[in-house]
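We name chains A, B, ... by the order of the sequence lines, and we start the count at 1 in each one. Quick caveat, the model's predicted, so the values are computed rather than measured.
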Protein chains: 2
Amino acid sequence: MVGIDDVARRAGVSTATVSRALSGRGHVAAATRERVEEAAAELGYVVSASASSLATGRMRNIGVVVPFLNRWFYTSVLEGAQRRLMQYGYDLTLYNLSGASNERSTVFEQFLLRQRVDAVIAVSLELSAEEVDSLHALGKPLVGVGGPIRGVPTVSIDDVGVTRLATEHLLSLGHTVIGHIGGDVDAEMSFHMPTNRRHGWEDALREAGLEPRPELYFPAVFTMESGYVAAKQMLGDPRLRPTAVVVASDEMAIGVILAARDMGLDVPRDLSVVGIDDHELAPFFGLTTVAQFPEQQGERAVELLMRELDQSREDEPANLQLPFELIVRSSTSRPRPEREPRD
Amino acid sequence: MVGIDDVARRAGVSTATVSRALSGRGHVAAATRERVEEAAAELGYVVSASASSLATGRMRNIGVVVPFLNRWFYTSVLEGAQRRLMQYGYDLTLYNLSGASNERSTVFEQFLLRQRVDAVIAVSLELSAEEVDSLHALGKPLVGVGGPIRGVPTVSIDDVGVTRLATEHLLSLGHTVIGHIGGDVDAEMSFHMPTNRRHGWEDALREAGLEPRPELYFPAVFTMESGYVAAKQMLGDPRLRPTAVVVASDEMAIGVILAARDMGLDVPRDLSVVGIDDHELAPFFGLTTVAQFPEQQGERAVELLMRELDQSREDEPANLQLPFELIVRSSTSRPRPEREPRD
DNA sequence: GTGAAAGCGCTAACAC
DNA sequence: GTGTTAGCGCTTTCAC
């Protein structure tokens, strides 16, 4: 293993100078720096992460904790975070909680505290006060993605706002009977995200002078299949007859489109559908949706972290609300007139 | 920061004993071990990963390199790998190559060589000889998932076998005009995987005494949409008229099902479809498929690595072929008789 | 601008 | 079975 003193010897300087030259910290004469860099390159020298970490106390590694891996949202956040971290020269170590039931405590009590990460990003995770405290006690900054955590800076979107926008889009097209398929309140995703999205639907309706009808809300669990099942219930009930539906995720919304097709309903002529996400499959299905940008959320989380890591800690725990955007495709249109056009 | 000598003092022993007691290496009297563990718990002591790594030369961390993140196969492998690594007490640091074009060289030249990982798992990556060599030069074991790498142990499935099985399933149902939608040879996935899968289709056909017709093969790029597009081509050509199609991935196969529907074809009455993967969406679409088990592939890769890491290196570079399995759902059936049934 | 040397916190010989 | 101690390979004062 070629070490720092091999480089020092070859460049004819001390190890201190090599360290300074290669890390960019402290002043080194340009000529010296060049000699050192050359020597390092020739020898194929790379600093030992553990030695460097031991000396500096910094691992240049951050932990990202996700509740699942096989979901578009999480992998997108991950992708954004990882890309930005790489630019900062940081590694990303991944903790996935979807395995054994005790994995969560293992991660928090064993792995995260082992001093292998300088900070952690928690994605869509409602952390307990103890979990937050134990991390903070070790001086590890923490930022959340996807929902607020008490006393922790967070990046997220306005969950009320997204469904409100989706609903307003339908209202502006002339729909008045608008259903909502949303997350089951006591399912996985926590953070009251399902509740907030439901509120957005209700708020928009009320503002338009329409009272949201509870029987037009159907719970589902954020999968295509559950969206399909919920839609069949909603569309099959002869008392309901919605002309449009706001769906809390694109995957569910695609399920809704397929259910409508299977029932002989034309989308959008008989039913307008709008989702939330802008999932990679949305264009293929022509799905109108409110895009959130999870990769960007991952990137911003990293930036927040880097700021905390670099500077004088402790700005305000800034809660970043990221933008979202209505993307109109072919799954929404004006409602079909009740009676045959008179022509 | 509470260190090892705080624990030693509190337990009334030496640091060496604390180290031994807590790591499980070397002999410690049961009573002593207990006292040490107690002291450590009371003080909330956790070993410093960097100090420990510096002393042992082991990071207890392995790097996993994937070409993409937003694909079912990769996240599944990742999930399996991560679960198993956790059991071994190892961390997983994630490298995703899907970003900037120079990310690959950055990962290989900067990150992996920084001595932060004890070994690496390369998923569906055709590594160059230099990439392999530079890793080996550092004494870092390497295992591949998803395809062979020269001189590197690999876990994968028999790509010829899976499509052969899928094709045989259709043949046994009585189909004789069987198309194939496969990966584009010069697209992302490398490893000749698309070519191998195509061979499986051809082999099975030939064995049944049927000459595979090149015009019944359509290339696509492993997305639902590309499967849809390819299927439209295949099904729209009046000279072709396949009664069944073997598709190289479930996502593409779902695209095929949707295309058939849009053309007024009934699956499976007018067209049988079989995919490869057993993707999470397969049950929802009733897709008959050949399941591969990517999570298991991730787990096995870890096991291979642990064996290399633990023992006397250098067994044979064992290439593990993992099992696959035909899962029959509702997208395949006997072909419709050419003429109306005579009753 | 550069060098000498004292750690960083643990592990593993080696003694006993 | 347990203690002493010499590193592991860097970084960073402190001198010069």
Quiz item: What is the distance from atom OG1 of Thr154(B) to atom CG of Leu320(B), rounded to the nearest 0.5 Å?
Solution: 9.5 Å
Quiz prompt | Among dT2(D), dG9(C), dC10(D), the one nearest Leu54(B) by side-chain distance | solution = dG9(C)
Quiz prompt | Distance in Å, Leu142(B) CG paired with Ile121(B) CD1, rounded so as to fall on 0.5 Å steps | solution = 9.5 Å
Exercise. Examine the side chains of Asn70(B) and Thr75(A) and answer whether a donor and an acceptor come within less than 3.5 Å of each other.
Key: yes
Self-check item: d(CZ, Arg9(B); C1', dG3(D)) in whole Å
Solution: 15 Å
Exercise. Could you give me the CA-CA distance, side-chain angles and deciding distance for Gln82(B) and Tyr90(B), then say whether side chain to side chain contact (heavy atoms under 4.5 Å, CB included) is met?
Key: CA-CA 9 Å; Gln82(B) 135 93 176; Tyr90(B) 272 64; over 6 Å; no
Quiz item: Roughly, in whole Å, what's the span from CD in Gln115(A) to C1' in dC10(C)?
Solution: 13 Å
Quiz item: To the nearest angstrom, how far is Met59(B) atom CE from dC10(C) atom P?
Solution: 15 Å
Self-check item: Phosphate OP1/OP2 of dT11(C) contacted by Ser52(B) side-chain N/O (<4.0 Å)
Solution: yes
Quiz prompt | For atom CZ of Arg114(B) and atom P of dG9(D), their distance in whole Å | solution = 18 Å
Quiz item: In terms of the angle between their ring planes, are Tyr95(B) and Phe111(B) parallel, tilted or perpendicular, with boundaries placed at 30° and 60°?
Solution: perpendicular
Quiz item: Where do Glu79(A) and Ser98(B) land on the side-chain hydrogen bond (donor to acceptor under 3.5 Å, both in side chains) test, with the steps shown first?
Solution: CA-CA 8 Å; Glu79(A) 203 153 322; Ser98(B) 70; 3.1 Å; yes
Quiz item: For the pair made of CZ in Arg58(A) and C1' in dT11(D), what is the distance, rounded to whole Å?
Solution: 13 Å
Practice problem: Describe the nucleic acid contact of Val13(B) in one word from base, sugar-phosphate, nothing, applying a heavy-atom distance below 4.0 Å. | Solution: sugar-phosphate
Practice problem: Measure from the side chain of Arg20(A), starting at C-beta and using heavy atoms only, and say which of dC10(D), dT12(D), dC10(C) lies closest. | Solution: dT12(D)
Quiz item: Between dA5(C), dC10(D), dA13(C), which one does the side chain of Ala16(A) approach most closely?
Solution: dA5(C)
Quiz item: Which whole-number value in Å describes the distance from Ile4(A) CD1 to dT12(D) C1'?
Solution: 11 Å
Quiz item: Would you say a side-chain N or O of Ser14(A) is under 4.0 Å from OP1 or OP2 of dT2(C)?
Solution: no
Quiz item: At under 4.0 Å, does any side-chain N or O of Ser19(B) touch on OP1 or OP2 of dT11(C)?
Solution: yes
Quiz item: Which nucleotide sits closest to the side chain of Ala51(B): dC10(C), dG3(D), dT11(D)?
Solution: dC10(C)
Quiz item: Side chains of Ser50(B) and Ser53(B): is there a donor and an acceptor less than 3.5 Å apart?
Solution: no
Quiz item: What residues in residues 22-36 of chain A put a non-hydrogen atom under 4.0 Å from any atom of DNA chain C?
Solution: His27(A), Val28(A), Ala29(A), Thr32(A)
